[in-house]
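In what follows, a single structure is set out as structure tokens and then discussed.
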There are 2 protein chains.
Amino acid sequence: MARERKIDMVILGLLNHEDLTGYDIKKRIDGAISFFWKGSFGNIYPALKDMENQGLITKRELAVGGRDKITYHITKSGKAALKDWLREEQVSNELKYETLLKLFFSGADSREVSLRNIEVFEEQIKKDLKLLKTYSETLEKAPDTEDHVYYSLTVSFGIETYEAYLKWCAKAKKMLGKRVMEIDETES
Amino acid sequence: MARERKIDMVILGLLNHEDLTGYDIKKRIDGAISFFWKGSFGNIYPALKDMENQGLITKRELAVGGRDKITYHITKSGKAALKDWLREEQVSNELKYETLLKLFFSGADSREVSLRNIEVFEEQIKKDLKLLKTYSETLEKAPDTEDHVYYSLTVSFGIETYEAYLKWCAKAKKMLGKRVMEIDETES
DNA sequence: CTCGCATATATCTATTTGATATATCTGTTT
DNA sequence: AAACAGATATATCAAATAGATATATGCGAG
């Protein structure tokens with residue numbers, strides 16, 4: 001990896017909206033963002049420390065009801081770093097789909113196993129698509145602000161691709177299922 | 001991460017077909033597989049060592065023309081491990097798209113910047129889609145074997161999703177472009 | 001014959017992942 | 001009011017991955 005810590009940009013992007021604790025940041029990432037990016041405490045907390053040292057964010061320790069709580073705030077330098085990143089043309093877009101990996105090597109086992117793997121994938125996608133559609137419906141009722149345009153575009157990206165996945169699932173099941181039938185016929 | 005090293009399964013899947021060197025494995029991963037999985041020397045070579053110790057693969061040192069070359073061969077135990085993995089229902093399917101991350105935080109900059117980011121994405125997808133279609137054409141001319149079915153399914157997955165991406169790009173550009181025009185009109 | 005590129009193995013650091021440790025706060029149940 | 005489950009909150013650890021680099025040989029073009 002090396003060179004550019006992407007979690008920094010996620011954090012800056014979130015703090016650009018509102019001050020947050022590390023825990024809050026994790027919750028935000030686990031929401032709508034999780035469809036295209038992930039984050040864990042294991043990289044959020046160290047990143048917050050580093051970024052504070054670099055002056056991209058500032059710390060505010062609060063004792064809310066006797067409980068420790070560290071809120072972070074984006075600085076001017078942090079906002080500049082966020083903009084610099086947005087304007088960088090080099091991006092990394094990667095798919096990491098174990099289902100496809102399994103399918104690619106499925107010659108090592110029976111068609112039933114491949115079909116089951118496609119079904120598992122299909123079930124997951126259907127569930128996620130349902131969730132995305134609730135996001136979409138909520139958006140339709142919300143006021144048409146500038147931020148909503150971008151949020152809405154990422155949601156529609158998810159919906160379009162997941163619908164394409166489902167179409168592919170149907171085709172794949174048909175292709176593998178047909179052969180299963182043909183073999184059945186030959187065997188009978 | 002911990003728990004299950006996925007690179008092991010990629011290696012077993014490849015070795016299930018033919019004996020390969022670490023370098024060969026890297027080349028295979030950088031081919032069609034790279035659309036849904038990645039691998040680096042930094043995890044391939046250590047994995048090969050570990051898996052040999054575990055008895056999943058065996059080493060064959062060859063001195064081809066005085067040059068060192070270590071070929072690996074899958075064992076019965078390795079084949080069993082590959083099957084076990086194929087039959088495991090729990091999978092991890094993740095998208096990691098920096099373009100969507102940028103779009104999500106695009107409220108921090110101008111519409112021109114967002115539009116440019118979508119264009120960069122679109123260009124990359126068009127290039128990749130072209131490559132996928134050459135894979136697809138090659139496949140059509142090839143004999144209709146069992147392994148080709150699975151390879152063909154992964155290729156068609158890529159084609160379908162990339163076409164959905166392009167449709168979304170057109171929609172997104174329209175949505176952002178329109179607003180740019182509206183602002184232009186207000187300003188003039 | 002030498003320059004550049006492909007082959008080949010290997011290692012290093014930075015980063016990410018996933019799990020876990022620790023402790024407090026809050027709401028519900030008995 | 002005690003007991004408990006679950007959410008909040010920070011933090012760290014080991015394992016895995018990414019990306020770069022080091023090193024050396026083979027091979028084909030000019």
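Remember, predicted model here, so these are calculated numbers, not experimental data. Proteins come first, then strands; the chains are lettered A, B, ... in the order of their sequence lines, and each starts at number 1.
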Within 6.0 Å of NE2 in B:His73, more than 12 heavy atoms from elsewhere = yes
When we call it a touch if two heavy atoms are under 4.0 Å apart, what does A:Gly22 touch: a base, just sugar-phosphate, or nothing?
-> sugar-phosphate
For C:dA10, take OP1 and OP2 only and decide whether either is under 4.0 Å from a side-chain N or O of B:Tyr45.
-> no
The nucleotide from D:dG19, C:dG18, D:dT17 with an atom nearest the side chain of B:Ile7 is D:dT17
When we call it a touch if two heavy atoms are under 4.0 Å apart, what does A:Lys26 touch: a base, just sugar-phosphate, or nothing?
-> nothing
Rounded to the nearest Å, what distance is computed from the CD1 atom of residue A:Ile44 to the P atom of nucleotide C:dT15?
-> 16 Å
Select from B:Asp24 and B:Ser92 the residue whose nearest nucleotide in DNA chain C is closer to the 5' end of that strand.
-> B:Asp24
Electrostatic pair A:Glu146:B:Arg111 at N-O distance under 4.0 angstrom = yes
For B:Glu94 and D:dA18, what is the distance between atoms CD and C1' respectively, to the nearest whole Å?
-> 15 Å
For the side chain of A:Lys96, counting heavy atoms from C-beta on, which of D:dT17, C:dT16, C:dG18 is nearest?
-> D:dT17
Quick one: is A:Lys49 getting a side-chain N or O under 4.0 Å of the D:dT12 phosphate, OP1 or OP2?
-> yes
Rounded to whole Å, CG of A:Asn43 lies from P of C:dT15 at a distance of 10 Å
Of all the nucleotides listed (C:dT16, C:dT9, D:dG19), which has the minimum atom distance to the side chain of B:Ser40?
-> D:dG19
Examine C:dA6: is either OP1 or OP2 under 4.0 Å from a nitrogen or oxygen in the side chain of B:Lys69? Give yes or no.
-> no
Side-chain ion pair, B:Lys126 and B:Glu123, N-O less than 4.0 Å | no
Rounded to whole angstroms, how far apart are CE on B:Met9 and C1' on D:dA16?
-> 14 Å
Taken to the nearest whole Å, CD/B:Glu98 to C1'/D:dA18 is 14 Å
Over how many whole Å does the gap from A:Glu4 atom CD to D:dG19 atom P extend?
-> 12 Å
With respect to the side chain of B:Arg5, which nucleotide from D:dA18, C:dA8, D:dA16 is positioned closest?
-> D:dA16
Test side-chain hydrogen bond (donor to acceptor under 3.5 Å, both in side chains), reference A:Asp30, set A:Lys27, A:Lys26, A:Arg28, output is A:Lys26
B:Phe35/A:Phe104 aromatic ring centres below 6.0 Å | no
Rounded to whole angstrom units, what separation is found between the CD1 atom of B:Ile25 and the P atom of D:dT17?
-> 14 Å
Does the side chain of A:Ser114 come within less than 4.5 Å of A:Leu103's, by heavy atoms?
-> yes
Between protein and nucleotides 5-7 of chain D, what N or O pairs are separated by less than 3.5 Å?
none

Kindly write out the residues that satisfy side-chain contact (heavy atoms from CB on, under 4.5 Å) with B:Asn16, not counting sequence neighbours, or none if the list is empty.
-> A:Ala108, B:Ile74, B:Lys79, B:Leu82
Does a side-chain N or O from A:Thr21 land closer than 4.0 Å to OP1 or OP2 of D:dT10, or not?
-> yes
When you measure from the centre of the six-membered ring of A:Trp37, is the NZ or CZ of A:Lys6 under 6.0 Å away and within 45° of the axis?
-> no
Atom-to-atom span, NZ of A:Lys6 to C1' of C:dT16 - whole angstrom = 12 Å
